[in-house]
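Structure first, commentary second.
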There are 2 protein chains.
Amino acid sequence: MQRRQAEQVAAARVRATGERVTPARLRVLAALLRRGEAASHHELERDLAADAIDRVTLYRVLDWLVGQGLAHRISSADRAWRFTAADRRHDAHAHFHCNRCGKVLCLDEVKTPRLPAAMPRGFRAEGLEVTVKGICAGCA
Amino acid sequence: MQRRQAEQVAAARVRATGERVTPARLRVLAALLRRGEAASHHELERDLAADAIDRVTLYRVLDWLVGQGLAHRISSADRAWRFTAADRRHDAHAHFHCNRCGKVLCLDEVKTPRLPAAMPRGFRAEGLEVTVKGICAGCA
DNA sequence: GGTGCAGATGCAACCCTGTTGCGCTTGCAG
DNA sequence: CTGCAAGCGCAACAGGGTTGCATCTGCACC
Ligand SMILES: [Mn+2]
Ligand SMILES: [Mn+2]
Ligand SMILES: [Zn+2]
Ligand SMILES: [Zn+2]
């Protein structure tokens, strides 16, 4: 998404929550919208380098965005979370995780199966994640 | 698995690798065999509390067991790895992760689908993980 | 356009999971 | 038995994320 459009969309979505509209929230959501792929905390810090936002504030803003349903948190094997703007439902498709560089992306064309009908006694299924692991184009 | 049997099986498997047979390797593998479910580093430390093993050694032994194919490493959303004795292939079935307590267990009856045939240009799929998230019996 | 205050921010210090470096110990081949 | 490569324990470190607390600010209310 273009810079200008990202800023406008971010402003509209943050306003729509009815919660406080702050520069950090606007800037972080716009940064997520500008990137297509899932971004780690570290990558976002770099994107926001000009007039940087505090490390902790960035964590808190990301939590808030996830809590508001404006962002998704994807956990990957390298123990670092990735975030995407909530343009899509991420429970309906699989995600790819590069074994080499840790990059994460949505495999929109790979659908996830439905929740398993039979669970062990007392267990309740709430969600399903399908992760394809391998080597990305950049690392091949 | 019973304590006595776990020790015997562990001894046989460690010997069979042709590598050095050390007390730490025997004790850790036996601990994994005694537990049915996936165990975190922390849980294993507690299991081995009597005459404890060094924290770093435990990490190194777990790495070694995984490298030898005697244990599987399962990564979960709480950023702590879990380990199981390699009695089963863990790429063929789904895993359950409790959203509340972090417990992980094998859903042997839930089979994973085959690797997706079509991947984005330049991407190579090597493995597939299916994770069901929800609330476990203990947390319900 | 003020004003008050809940809630957001920045900073420092912290926690958890896992690693690295290095000197000492030990399994085991010969 | 002996030598030594491999394994072990300890201390220090690293990355990713959290907590406590003082200060600042969006915005509801006037
Ligand atoms: Mn997705
Ligand atoms: Mn399994
Ligand atoms: Zn890659
Ligand atoms: Zn639970």
Side-chain angles (χ1 to χ4, degrees), chain A residues 10-29 31 38-49 51-68 70-71 73-83 97 101-104, chain B residues 10-29 31 38-68 70-83 97 101-104:
Chain A
R13 293 191 188 169
V14 172
R15 253 188 273 114
T17 64
E19 301 270 298
R20 283 205 195 171
V21 178
T22 70
R25 289 173 179 175
L26 296 175
R27 296 215 292 134
V28 173
L29 182 52
S40 65
H41 181 274
H42 199 65
E43 289 162 344
L44 288 168
E45 244 181 334
R46 291 184 56 255
D47 285 5
L48 299 168
D51 188 32
I53 217 173
D54 183 74
R55 223 169 66 81
V56 176
T57 301
L58 177 50
Y59 278 116
R60 294 201 268 229
V61 167
L62 288 168
D63 278 353
W64 182 86
L65 290 170
V66 170
Q68 295 296 323
L70 296 180
R73 195 198 316 264
I74 305 174
S75 58
S76 78
D78 64 2
R79 306 164 4 95
W81 294 333
R82 315 266 160 161
F83 298 87
H97 290 226
C101 69
K103 189 202 285 283
V104 173
Chain B
R13 292 191 188 169
V14 171
R15 252 187 274 113
T17 64
E19 301 270 298
R20 283 204 196 174
V21 178
T22 72
R25 289 173 179 176
L26 296 174
R27 296 215 292 136
V28 174
L29 182 52
S40 65
H41 181 274
H42 199 65
E43 289 162 342
L44 288 168
E45 244 180 332
R46 290 183 56 255
D47 285 4
L48 299 169
D51 187 32
I53 216 174
D54 182 74
R55 224 170 64 80
V56 176
T57 301
L58 177 51
Y59 277 115
R60 293 200 269 229
V61 167
L62 288 168
D63 279 353
W64 182 86
L65 290 170
V66 170
Q68 295 296 321
L70 296 180
H72 286 299
R73 195 197 318 262
I74 305 174
S75 58
S76 79
D78 65 0
R79 310 168 358 98
W81 293 333
R82 314 265 161 166
F83 298 86
H97 289 225
C101 69
K103 190 202 286 279
V104 173

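Every heavy atom of this structure was used, including side-chain atoms; hydrogens, water molecules and symmetry mates were not. Letters go in sequence order (proteins before strands), and every chain restarts at 1.
Here C:dC16 presents its P atom at 17 Å from CG of B:Leu58, a figure rounded to the nearest Å. Rounded to a whole Å, the OH atom of A:Tyr59 is 8 Å from the C1' atom of D:dG15. For the pair A:Asp51 CG and C:dG10 P, the computed distance is 9 Å after rounding to whole Å. Regarding A:Asp54, its CG atom lies at a distance of 15 Å from the P atom of D:dC24, rounded to whole Å. Spacing between atom CZ of B:Arg27 and atom C1' of D:dG7 amounts to 15 Å, rounded to whole angstrom units. With rounding to whole Å, B:Glu45 atom CD is found 12 Å from D:dG9 atom P. In this structure, NE2 of B:His41 is placed 11 Å from C1' of C:dT19, rounded to the nearest angstrom. Rounded to whole Å, the distance from CZ on A:Arg60 to C1' on D:dC24 is 13 Å.
Here the nucleotide nearest the side chain of A:Trp64, chosen from C:dC22, C:dA8, C:dC28, is C:dA8. The side chain of B:Trp81 sits closest to C:dG18 out of C:dT20, D:dG17, C:dG18. Checking C:dT20, D:dG15, D:dT18 against every side-chain atom of B:Arg79, the shortest atom distance belongs to D:dG15. Picking from C:dT9, C:dT20, C:dG7 the nucleotide with the shortest atom distance to the side chain of A:Arg20 gives C:dG7. In the set D:dT18, D:dC27, C:dT9, D:dC27 carries the atom at the smallest distance from any side-chain atom of A:Val21. Across D:dC10, C:dT9, C:dT19, the shortest atom-to-atom separation from the side chain of B:Asp63 is found for C:dT19.
The 5' end of DNA chain C is approached more closely, in terms of each residue's nearest nucleotide, by B:Arg55 than by the other of B:Pro23 and B:Arg55. For B:Arg73 and B:Glu19, each mapped to the nucleotide of DNA chain C holding its nearest heavy atom, the one lying further toward the 5' end belongs to B:Arg73.
Here B:Arg82 pairs with B:Asp78 under the side chain to side chain donor-acceptor pair (under 3.5 Å) rule; sequence neighbours left out. Listed by chain and number, the residues in a side chain to side chain donor-acceptor pair (under 3.5 Å) with A:Arg73 are A:Asp63 (sequence neighbours excluded).
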* Asked: Between B:Asp51 and B:Arg27, is a side-chain contact (heavy atoms from CB on, under 4.5 Å) present by the stated rule, with each step listed?
  -> CA-CA 11 Å; B:Asp51 187 32; B:Arg27 296 215 292 136; 4.1 Å; yes
* Asked: Given A:Val66 and A:Trp81, is the side-chain contact (heavy atoms from CB on, under 4.5 Å) satisfied, shown in steps?
  -> CA-CA 12 Å; A:Val66 170; A:Trp81 294 333; over 6 Å; no
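Between A:Ser40 and D:dG16 there is no side-chain polar atom (N or O) within less than 4.0 angstrom of OP1 or OP2. Using a 4.0 Å cut-off, no side-chain N or O of B:Thr22 falls inside it from OP1 or OP2 of D:dG7.
The shortest side-chain heavy-atom distance between A:Trp64 and A:Thr22 does not fall under the 4.5 Å cut-off. Taking the side chain as every heavy atom from C-beta outward, B:His97 and B:Ile74 approach each other to under 4.5 Å.
In the helix from C:dG1-D:dC30 to C:dG30-D:dC1, the end axes, each obtained as the rotation axis mapping the C1' atoms of four pairs onto the next four within a five-pair block, lie 30° apart to the nearest 10 degrees.
Rounding to the nearest 0.5 Å gives a distance of 11.5 Å between CG of A:Leu48 and OG1 of A:Thr57. To the nearest 0.5 Å, atoms CD (A:Glu45) and CG (A:Asp54) are separated by 8.5 Å.
When heavy atoms are screened at a 4.0 angstrom cut-off, A:Arg25 is found touching the sugar-phosphate backbone but no base atom.
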